[in-house]
Novice: 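Could you have a look at this structure, given as structure tokens, before my questions?
Heavy atoms only: backbone and side chains are in, while hydrogens, waters and symmetry mates are out.
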Amino acid sequence: MSHIQDILFCNPCCQGPQGVPGETGPQGPPGAGVQPAYFNAVTPGGFQTIPPEGNVNFLIAFQSGDFSFTPNTAEITVNTGGVYRIDYSLLIRPTTRLINAAYAVAINGLENPLSFFGTYSDDLTDSERTELSGMFITSIAAGSTIVLRNKSSTTDYLAGTGVDNQAVNHASILIQRIA
């Protein structure tokens, strides 16, 4: 047999003494892996009016990693590319007894199809609140901008007051690099 045939058919002449495989070498050093990074922003208490195609502003942010953000604005810049998980949540107060809300995350101005989430409720009082949340995973290039956008045809009122006399977050977003 040729040497290639010996390898393909596991001929004993290609193994260690008496057909026994040789010893395994030492393990190499571990790789760097993915350094986790996150960006977490909220808007506590108060109210925020979001018209159709309007973006949600965030006030307070806590982060690790390479993100850029100006408080009380909507745009978050991801400065390091990778695969990210994005979670968001909104606390919505009804208008005219109705909540008919849909939101999506826009990356560089284009809504990601995996990010569309919504809720519908009818015959509500203006003291009621509904929480809308969404979660998705996507690849994001370095330098990309992210906004959370109202995709419904109605204006929404985000309300962080009137919940058991507590000021709660009426908008939040969490961006986590996972790969």
Novice: How long is the gap from CD1 on I140 to OG1 on T77, to the nearest 0.5 Å?
Specialist: 11.0 Å
Novice: Between Q35 and R177, is there a side-chain heavy-atom distance shorter than 4.5 Å?
Specialist: yes
Novice: Using distance alone, with no hydrogens and no angle criterion, decide if D156 and Y103 have a side-chain donor and acceptor under 3.5 Å apart.
Specialist: yes
Novice: Are T154 and N100 linked by a side-chain donor-acceptor pair shorter than 3.5 Å?
Specialist: no
Novice: State, yes or no, whether a side-chain contact exists between T43 and L158 at a heavy-atom distance under 4.5 Å.
Specialist: no
Novice: Going from CG on N40 to CG on L174, what distance comes out if it is rounded to the nearest 0.5 angstrom?
Specialist: 5.0 Å
Novice: Donor-acceptor pair, Q48 side chain versus N57 backbone, under 3.5 Å?
Specialist: yes
Novice: Of the options T130, I50, V56, N169, which is the one that meets L90 in a side-chain contact (heavy atoms from CB on, under 4.5 Å)?
Specialist: V56
Novice: If every non-hydrogen atom of G45 is compared with every non-hydrogen atom of A167, which pair is closest and at what distance?
Specialist: CA-CB, 3.9 Å
Novice: Closest approach of G160 and H170, non-hydrogen atoms and distance?
Specialist: N-CB, 3.5 Å
Novice: Say whether, by atom type as modelled, one donor and one acceptor occur between the side chain of N112 and the main chain of L114 under 3.5 angstrom.
Specialist: yes
Novice: Walk me through whether I173 and I86 qualify under side-chain contact (heavy atoms from CB on, under 4.5 Å).
Specialist: CA-CA 7 Å; I173 192 165; I86 299 177; 4.1 Å; yes
Novice: Which residues satisfy the salt bridge (charged side-chain N to carboxylate O under 4.0 Å, His left out) test with E111, sequence neighbours excluded?
Specialist: R149, K151
Novice: Have N79 and S68 got a donor and an acceptor in their side chains that come within less than 3.5 Å?
Specialist: yes
Novice: Give the minimum heavy-atom separation between I107 and S144, together with the two atoms involved.
Specialist: CG2-CB, 4.0 Å
Novice: How many angstroms lie between CD1 in I92 and CG in L124, if you round to the nearest 0.5 Å?
Specialist: 11.0 Å
Novice: According to salt bridge (charged side-chain N to carboxylate O under 4.0 Å, His left out), who are the partners of D66, at least two apart in sequence or on a separate chain?
Specialist: none
Novice: If you take all heavy atoms of G65 and A37, which pair is closest and at what distance?
Specialist: CA-CB, 3.9 Å
Novice: In the structure I gave you, are the side-chain heavy atoms of Q176 and D87 within less than 4.5 Å of one another anywhere?
Specialist: yes
Novice: For residues 109-135, which residue pairs qualify under ring pair (Phe, Tyr, Trp, His ring centres under 6.0 Å), counting only residues two or more places apart or in two chains?
Specialist: none
Novice: May I have all residue pairs that pass ring pair (Phe, Tyr, Trp, His ring centres under 6.0 Å) and include part of residues 53-98, sequence neighbours excluded?
Specialist: Y38-F62, F39-F67, F39-F69
Novice: Looking at side-chain heavy atoms only, is the closest gap between I146 and V105 below 4.5 Å?
Specialist: yes
Novice: Within a strict 4.5 Å, meaning less than it, do heavy atoms of the S89 and S172 side chains meet?
Specialist: yes
Novice: Other than L91, what residues sit in its cluster of Ile, Leu, Val, Met, Phe, Trp and Tyr side chains whose heavy atoms are under 4.5 Å apart, directly or through others?
Specialist: V163, V168
Novice: Consider salt bridge (charged side-chain N to carboxylate O under 4.0 Å, His left out). Of D126, D122, D123, which one does R97 pass it with?
Specialist: D123
Novice: Heavy atoms, side chains only, cut-off 4.5 Å: are S121 and L98 in contact?
Specialist: no
Novice: Between L148 and N55, does a side-chain contact (heavy atoms from CB on, under 4.5 Å) hold up when you go through it step by step?
Specialist: CA-CA 6 Å; L148 179 55; N55 298 327; over 6 Å; no
Novice: Other hydrophobic cluster members with V83, side-chain heavy atoms of Ile/Leu/Val/Met/Phe/Trp/Tyr under 4.5 Å, chained?
Specialist: I137, I178
Novice: Do you reckon L132 sits in the same ILVMFWY cluster as V42, going by side-chain contacts under 4.5 Å, direct or chained?
Specialist: no
Novice: Do F136 and V147 sit in one hydrophobic cluster, given that two such residues count as connected whenever their side-chain heavy atoms are within less than 4.5 Å of each other, even indirectly?
Specialist: no
